[in-house]
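Notes follow once the structure below has been shown.
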Amino acid sequence: MKKLFAILFATALTLPMFAQYGRIYPGRPTRPMPPTRSYHYDNYYGLRLGVGFTTVNSDDSRLDGGTSKAGLNLGFAAGFQIVPSSPLYFETGLYYTEKGGKGSYDAKKFTYNLNYLEVPLLLKYAIPFSYRGSVQPYVGGYLACGIGGKVKDYGNRQAFSSFSSDNFRRFDGGLRLGCGVQYDIVYGEVAYEFGLANVCNDAFETSHNRCLYLNVGVNF
């Protein structure tokens with residue numbers, strides 16, 4: 001399934017070869033507008049594919065995955081211009097993202113996967129650097145729900161569900177900071193997530209997700 005998604009995104013990334021016009025801002029034509037022309041509301045939709053480098057910082061040594069692991073990030077984005085006189089956008093969407101970490105407990109190696117469906121809630125500002133491109137810094141938050149994952153104990157050769165009463169809670173949320181660059185319809189971004197929600201089920205311990213994302217995609 002992951003290979004199929006990768007093929008679909010690679011196909012989508014070839015679309016700029018057939019595009020006659022790019023975009024200064026997400027969804028806006030690259031042709032310069034006349035000085036007397038007023039701005040108009042401009043929305044966009046995008047596909048994203050990338051990788052996340054994730055850790056889980058925990059007070060519980062059994063759940064502390066301080067060594068990063070790589071995971072898939074795949075999703076759909078939608079942006080909506082907030083006011084017609086400014087390239088300020090609200091962006092949301094739906095992503096499948098793989099988080100987790102690696103560590104050791106009692107000198108035994110373990111890894112765990114925390115797979116989520118995630119909704120970003122971002123404010124993005126587009127700064128043009130040419131008629132075809134723009135830099136797009138953003139800030140906001142995210143909400144996520146765990147849908148699967150395994151804790152693998154290599155010392156005892158056992159595997160358990162990540163989301164259980166002994167391990168992690170399904171709900172996650174926090175802050176997201178990042179910056180995107182768009183040229184024509186091709187888009188790339190780097191982002192960092194600070195998990196604020198305690199994803200540990202232990203009432204006396206805390207665990208928080210951290211993730212660095214590198215994504216590419218297209219905007220329409």
Side-chain angles (χ1 to χ4, degrees), residues 1-6 9 46-77 91-105 108-122 138-155 158-180 187-203 205-217:
M1 184 62 70
K2 294 180 182 179
K3 291 182 179 179
L4 176 60
F5 285 139
F9 271 84
L47 301 175
R48 304 286 186 265
L49 175 65
V51 61
F53 301 95
T54 74
T55 61
V56 177
N57 298 330
S58 179
D59 297 333
D60 186 343
S61 58
R62 186 179 61 86
L63 300 178
D64 185 32
T67 302
S68 67
K69 66 183 296 293
L72 176 69
N73 189 51
L74 172 70
F76 166 80
E91 183 177 296
T92 185
L94 182 64
Y95 289 77
Y96 167 76
T97 181
E98 297 176 344
K99 298 182 180 180
K102 301 177 183 179
S104 62
Y105 180 69
K108 298 176 182 179
K109 175 186 174 183
F110 71 85
T111 65
Y112 47 82
N113 300 318
L114 303 173
N115 303 330
Y116 293 93
L117 287 180
E118 183 171 304
V119 176
L121 304 167
L122 308 173
Y138 60 81
V139 62
Y142 72 93
L143 299 173
C145 179
I147 58 173
K150 292 289 185 181
V151 176
K152 295 182 179 180
D153 181 346
Y154 287 88
Q158 294 179 322
F160 310 93
S161 172
S162 295
F163 298 106
S164 68
S165 58
D166 295 326
N167 296 316
F168 297 98
R169 299 173 180 171
R170 291 186 182 273
F171 174 78
D172 187 27
L175 301 177
R176 181 170 180 146
L177 306 173
C179 186
Y187 178 83
E189 69 177 356
V190 58
Y192 192 80
E193 286 186 351
F194 303 84
L196 299 180
N198 180 14
V199 295
C200 180
N201 260 318
D202 192 320
E205 308 290 351
T206 60
S207 300
H208 298 95
N209 281 312
R210 301 285 187 267
C211 187
L212 173 67
Y213 287 112
L214 300 174
N215 294 328
V216 295

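Just the heavy atoms: all of them, side chains too, but no hydrogens, waters or symmetry mates, feed the values below.
- A donor-acceptor pair is defined here as one N or O able to donate and one able to accept, closer than 3.5 Å; no such pair exists between the side chain of Thr54 and the backbone of Arg210.
- When all heavy atoms of Ser104 and Phe110 are compared, the pair lying nearest together is N-CE2, 3.3 Å.
- Contact of the Phe168 side chain with the Leu114 side chain is registered, since non-hydrogen atoms from C-beta on lie closer than 4.5 Å.
- Looking only at side-chain heavy atoms (C-beta outward), Leu49 and Leu72 come within less than 4.5 Å of each other.
- Put simply, the side chain of Asn73 does not reach to within 4.5 Å of the side chain of Leu214, judged on heavy atoms.
- Annotation: side chain of Tyr116 is not in contact with side chain of Arg170 (no heavy-atom distance under 4.5 Å).
- Between Asn198 and Thr206, the side chains place no donor N or O within less than 3.5 Å of an acceptor N or O (distance only, hydrogens not considered).
- Between Leu122 and Arg176, the closest side-chain pair of non-hydrogen atoms falls below 4.5 Å.
- Applying the ring pair (Phe, Tyr, Trp, His ring centres under 6.0 Å) rule to Tyr142 yields no partners; only residues at least two apart in sequence or on another chain are considered.
- The minimum heavy-atom distance linking Ser165 with Asn201 is given by the pair O-CB, 3.5 Å.
- Taking all atoms of both residues into account, the shortest heavy-atom contact from Ala77 to Tyr95 is CB-OH, 3.7 Å.
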| request: Evaluate the side chain to side chain contact (heavy atoms under 4.5 Å, CB included) criterion for residues Leu94 and Val119: first the C-alpha distance (whole Å), next the side-chain angles of each, then the deciding distance (0.1 Å), finally the verdict. | output: CA-CA 5 Å; Leu94 182 64; Val119 176; 4.0 Å; yes

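- Salt bridge present: Glu118 and Lys99 bring a charged side-chain N and a carboxylate O closer than 4.0 Å.
- Contact of the Val190 side chain with the Tyr213 side chain is not registered, since no non-hydrogen atoms from C-beta on lie closer than 4.5 Å.
- Here side-chain hydrogen bond (donor to acceptor under 3.5 Å, both in side chains) pairs that include residues 143-154, with residues two or more places apart or in two chains, are Asp153-Asn156.
- Here the CG atom belonging to Asp64 is positioned 6.5 Å from the CG atom belonging to Asn57, to the nearest 0.5 angstrom.
- Of all non-hydrogen atoms in Cys200 and Ser207, the two that sit nearest each other are CB-OG, 3.2 Å.
- Both cation-pi conditions hold for Arg48 and Tyr187: the charged atom is under 6.0 angstrom from the six-membered ring centre and inside a 45 degree cone around its axis.
- For the residue pair Asn167/Tyr112, the side-chain donor-acceptor check at 3.5 Å is not satisfied.
- With rounding to the nearest 0.5 Å, the separation of CZ in Phe53 from OG1 in Thr67 is 14.5 Å.
- Of all the heavy atoms in Ala197 and Phe171, the pair that sits closest is CB-CE2, 4.0 Å.
- Here the closest heavy-atom approach between residue His208 and residue Val199 is recorded as N-CG2, 4.3 Å.
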